[in-house]
Every structure is written in C-alpha cells, then in structure tokens.
Asker: 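I have a structure I would like to understand better, so I am pasting it below and will then ask my questions one at a time.
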2 protein chains.
Amino acid sequence: MSSNAHLPSLSVLRCFEAAAKHESFTAAAEELGLTQGAVSRQVKDLEDQIGAALFRREGRGVRLTHAGQRFAKDIAQNLTQLRRSVFQAVAAGEAQNVLTISALPTFATRWLVPRLVDFKQVHADICLVLQTRSEPFDLIEEGVDLAIHFGAPEWPGAQITPLCPEDLVVVAAPELLRQQADPEHPDMSALPLLHISSRPHLWDAFLKGQSSRVGSKNQSSYFDQFSLVISAAISGLGAAILPTYLIEDELAAGTLVRLASVPNSPNQNYFIATPTAVPNPLAAAFAAWVRKQVTQRV
Amino acid sequence: MSSNAHLPSLSVLRCFEAAAKHESFTAAAEELGLTQGAVSRQVKDLEDQIGAALFRREGRGVRLTHAGQRFAKDIAQNLTQLRRSVFQAVAAGEAQNVLTISALPTFATRWLVPRLVDFKQVHADICLVLQTRSEPFDLIEEGVDLAIHFGAPEWPGAQITPLCPEDLVVVAAPELLRQQADPEHPDMSALPLLHISSRPHLWDAFLKGQSSRVGSKNQSSYFDQFSLVISAAISGLGAAILPTYLIEDELAAGTLVRLASVPNSPNQNYFIATPTAVPNPLAAAFAAWVRKQVTQRV
DNA sequence: TGTATCAGTGAATAAAACTCATGGATTAAA
DNA sequence: TTTAATCCATGAGTTTTATTCACTGATACA
C-alpha cells in the first residue's frame, strides 16, 4: 500500500522538522542555513504532497495545525532514527562486529570506560558505540544491544542480568571535616548535604536510620549527575552519599573520606538489560565480561 | 553529535535499500524505474558518505559487505517507518483525531468492520486506520493505538484488556452432512477436516476429548486464515472448527450447521492491547466500545 | 502612522539526480 | 576457445529539484 508511495524528499522533511520545532520558517531557515523562502517553498510542497495544511498562517507567523503536530511528531522520530542509523554506520565503518551499549552517565565515565581497554584486548576487532542514558528506553527501537542500569530490575522487552548492589557510602572532603568540632567523629547532620536529583530522599532515609535529626535543607545542593556530586564533594561543598564504584580512586587517594556505610536499598541493584528478541553473542560476551569485572572487585 | 550530520538523500537511501534487497543494481533500478547507472552512482555516493564499502564487487555482480548488511537492515526499517508516517498523514489529512487499530485479519473483516459504522456514528470526526496483523508486534514503534488479538493475554509493553473467550464450534455445510449415512448424527471423524495452520491441533484435541478416533489426515486441508477455512466449509470441502464470532451470518442463514461445541482453551482469549506509555482517550473509548459490542451479543 | 518582522512568490541560478552511450569484467553457452 | 549475454562503472550531457535573490503584502507593535 504505502510501500511504493512517493516519499517527500529529505530536504522537504528536514525543513518541516525545523519549521515545526520553531513554528517559524525564518528560524527554521536559520537553523538549516537556508533562506526563509526556501523553507516556505519546501513546506508548501510538503503540504501539497500530504494533501493537508500542516501550518495555519496567522498574520505574521505560522502555527502547526492538528495534522501538522501529529506529522511533526512522527517525522521528528523518523529522522532521529535515520540519523542514528547513519551515525552508527559511519562510526562502525567496515568493522565486522558492532556492539552498542548504553549506561548511566557517571557509571560509564568512572567505572565502565576505564575498564573497556580490558574488553577490547579480548575483542579487538569490534567497534564499540557507547551512549549514556539516565532512563530506561526501548532497546530495539534505539538499536542498543545492551544497557547497564540501576534500580528495580524491570525493563520492558528486555532480559535482566543482575550485577551487584549499589554499595553506598557517606563521604566528604577531609578539609570539610577539619572544620568540625570533633573531626574524628563528625556530626553528619551538621554538614551541608549534597544530593542527587534523581533520588532526593537518600539523605533523609539515611539520617532517619541513624536516628539523627535531618540536616537543614538550606545547606543542601542538588545535582542531576553523580559526577557533579563527586566534584562538589571533592571541592568541600558538603557531604555526599555516593556509590563506592564511582569513587574508588578518590577513596584510595584520600581526596574523599568514608564516614559511614549506607544500607543497600532492597531490590535496587545494578543490572544489565538485553533485548529478549534476538540473541546476540557479542552482547552476551560483554555481559559476561562486566559480571567478571564486578566480582573481581575486592 | 549526529543530529546535524549530513544525511544521505532519500533517493540515495531508496537506491541502497532496493540494491541491498536484490543484491543487484540492475534489479534495483528496475524496481525503482531508474537506469542501472543511476543506482550504481547513488550507491557509490552513499559509500563515500558512509566511508565504508557497502557492497563487494564480485565480477559480474555485487554482494553486501558486513557493514552493508547492518546498514541495509537499519535503513529498511527506517524507510518503512517513514513510509508509514507519510501514509498515515496522507490518510488522516486534516482530521482532528486519528485512531490506528490492528486486528486479526478475519476477525477484522467479519466482526470488527461490520460494526465500525456504529462507532463512527458516535465519533464522526475521527479518521480510522485499520491494519490486519496475525502476530504481536511493537505497538509504539508501528504507531498503533490499539490492537485486538487472540491468545494468552501477553503483549510486551502493552496494557491488556480481556474481551471474551473464543467460543469455538464444529460446523459443516448442510450438503456435506446429507452425504453421510445418518445426517442427523454425523460422524465427525469420518468427515474431511479443515484446519487453521496457526493451530493445527484444534481437531486432534477436540476429537480426543470426544474419545473419537482421529480422522484420517489424508482428508485434511490447511489454511492460513480463518476466512479461507470459512469459505472452504461453506463450499462443502469439510468440517471446520471455527469461532462463532466469525460465522454469525452463516449460522443464522444455515449455510453452515453447528455440529458440536468445543470447550474453550484455558487462558486463551480475545483481548485488547494498548501501549502502556501514553494514555490515549480515543483508544480508551474504542476499547470500551468493543467491550460493549462483545457483551451485547446474546 | 511608521517601522520592523514575518511569510509568499516570480525569475534566475546552483546543485542533484538521472539518462545515454560506452567500456571492461565475468560468466555461460556454443 | 570463442561468442554472446549480463552486469557494473563512468564520462558527458540533460532534466529535475532545491535554493537564492529580490520584492510583495500582511500584521503587530510602538
């Protein structure tokens, strides 16, 4: 049915995508490095091909119609996926095997990437594409072979391999502790607290467990990535609750000092997710390698 | 990263898609209505842009390289989705609301479509896109708002609404029965049997349950859609096990005669699947309407 | 009431896609 | 082994498509 239908050209679709994003032909033209007239023409062509108005011309500007909104959503997605395909093809080049992995940003930077050399020694011929993601997503749709994530072991359409608990500890910079009355037995609830936005209640839960009173929120700072929390903690901005996996170097070097252990949350673990649909030996090898890396740890 | 990367044009991609499908530039050109030279050039351009050989030139012909196979798979999927988006936009036109539904082929033809008039009376302003599918698939990826399916109520990433059991009956054309020794008490195991390919053991299970001996397979015929089984049964080719939903008219008109009831399989039902991700009021309204239609039945 | 800011458009130009014609390489057949 | 047929690559030329330029009209805002 639609298989041989005449497709609008990519330039038409790109123009529409940008025009829809900005609801402005001029802004779209600027983004694309074209003139406003070019965008206007392309959009008009598209409307002729679709057979429906995609924009309502309202005086000085343009607004998406209902049909335009629907189509823009679809097209944006289609083009994103197309770009991903092309990008992966360019990245992979002529490599025999490609493995696309996603991981949590800070976990990727601090734990995974430093260890990848080891994996590459065994699998020298592969092209590895690593992307960072903070939320679960559709593995197949995004062409990802394997994801490393943290939380309850649930991921639609994916097979789960548990890895390890999170292993949280309370840490602070040594300088920060020296400012306290008794540096040997610091009063954590008196320290400024550093939070990770995705889990704002970590400190609350910990301090309650300690039957400490909860520290003043006035001194709290929130960051949306662990890497930011780590930097903040090192610079002495406050005390943080962090996974040991992410601060192994800092603990060893003494730039962060461990103040206490935090009980692991039940049913919250690092885990690997792989698409159930297609068995992928390379992804399986990678998963096995990650598990080995985790257990090798003291 | 890849967002502003230069994308190969659609003509390039279509040429590659066809060339990859046939592993022949000439055949691709024929499919696309172009000359062989055009395809050859476009593929070469694509290879330059990707920076990798996608085909190995082997004497008279061409073969996909590893990289080519990967890329071809991705591109075929991308283009299919793009075509679907465009098709839906064309189909929907300026309609305010679009509802895309998938259903089992024969269920759609015989049960759903005849009743759609009723739904359209309440929801006159919507554009309805109906597609038939025999297997579960990714609802979101394919842009389907609601699917009606039969089997165990499982569908990854979807919310399930049970509808009704299958309600199978054994039927045959009256002419076929008249040829039997005792038309009032036909011997089913002596009749030629009509099977649906997707469930080849329906008859076995039924006849065993009846402690009848299983009829000779020599007289069996297999069809991959219920609609074919129905036609065959009406024309007197044999006895069939069919859902009453699909042959209401024939039973009423007497072109098919009910010989026996078949016990419902446990945990096998008609059900509705909707994507869990986005709540869709129109899909919910449709689901409610279908449920009403089902229960209205005597 | 003037000015700045949009989108639409005719005519011209640049770029891309395509054809035609041809040559080289390879296979299958005589 | 020669011959014919088939397939891909490519130079030159043509057609189609995309884009610009320069201008128009509409509209909001001051």
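Remember, predicted model here, so these are calculated numbers, not experimental data. Lettering follows sequence order; numbering is per chain, from 1.
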Asker: Measure CD/B/Gln49 against C1'/C/dA17 and give the value in whole Å, please.
Answerer: 13 Å
Asker: Would you classify B/Glu58 as touching base, sugar-phosphate or nothing, given that sugar-phosphate means primed atoms plus P, OP1 and OP2, and contacts are heavy atoms under 4.0 Å?
Answerer: nothing
Asker: OP1 or OP2 of D/dC7 sitting under 4.0 Å from any side-chain N/O of B/Thr26?
Answerer: no
Asker: Does OP1 or OP2 of D/dA18 have a side-chain N or O of A/Ser9 closer than 4.0 Å?
Answerer: yes
Asker: Output the rounded distance in Å from CZ (A/Arg41) to P (D/dC21).
Answerer: 13 Å
Asker: Roughly how far apart are B/Phe16 CZ and B/Gln42 CD, rounded to 0.5 Å?
Answerer: 13.0 Å
Asker: With respect to A/His22, which candidate in A/Glu30, A/Glu17, A/Glu31 satisfies the side-chain contact (heavy atoms from CB on, under 4.5 Å) definition?
Answerer: A/Glu31
Asker: Quick one: does NZ or CZ of B/Arg133 land under 6.0 Å from the six-membered ring centre of B/Phe137, within 45 degrees of the ring axis?
Answerer: yes
Asker: If you round to the nearest 0.5 Å, how far is CG of B/Leu79 from CZ of B/Arg14?
Answerer: 8.5 Å
Asker: Send over the distance from A/Leu7 CG to D/dT17 P, rounded to a whole Å.
Answerer: 14 Å
Asker: Would you say D/dA9 has OP1 or OP2 under 4.0 Å from some side-chain N or O of B/Gln36?
Answerer: no
Asker: Can you check whether B/Ser40 has a side-chain N or O nearer than 4.0 Å to OP1 or OP2 of D/dA9?
Answerer: yes
Asker: Where do B/Pro114 and B/Thr109 come nearest, in terms of heavy atoms and distance?
Answerer: CD-O, 3.3 Å
Asker: What contact category does B/Val39 fall into here, base, sugar-phosphate, or nothing, at under 4.0 angstrom with non-hydrogen atoms?
Answerer: nothing
Asker: Identify, between B/Gly33 and A/Arg60, the residue whose nearest nucleotide on DNA chain C lies closer to the 5' end.
Answerer: A/Arg60
Asker: Could you tell me the separation between the CG atom of B/Asp45 and the P atom of D/dA9, rounded to a whole number of Å?
Answerer: 12 Å
Asker: Considering every strand and a 4.0 Å limit on heavy-atom distances, what is the contact class for A/Val12: base, sugar-phosphate, or nothing?
Answerer: nothing
Asker: In this structure, how many angstroms lie between the P atom of D/dT17 and the CZ atom of A/Arg14, rounded?
Answerer: 17 Å
Asker: Using whole Å, report how far CG of B/Leu34 lies from P of C/dC18.
Answerer: 5 Å
Asker: From the list C/dA7, D/dT19, C/dC18, which nucleotide is the closest neighbour of the side chain of A/Ser24?
Answerer: C/dA7
Asker: Think A/Arg57 has a side-chain N or O under 4.0 angstrom from the OP1 or OP2 of D/dA26?
Answerer: no
Asker: Give the rounded distance in Å between these two atoms: CZ of A/Phe55 and C1' of C/dG8.
Answerer: 15 Å
Asker: Answer with base, sugar-phosphate or nothing: what part of the nucleic acid does B/Thr35 contact at a heavy-atom distance below 4.0 Å?
Answerer: base
Asker: Please give, in whole Å, the distance from D/dT17 P to B/Leu10 CG?
Answerer: 14 Å
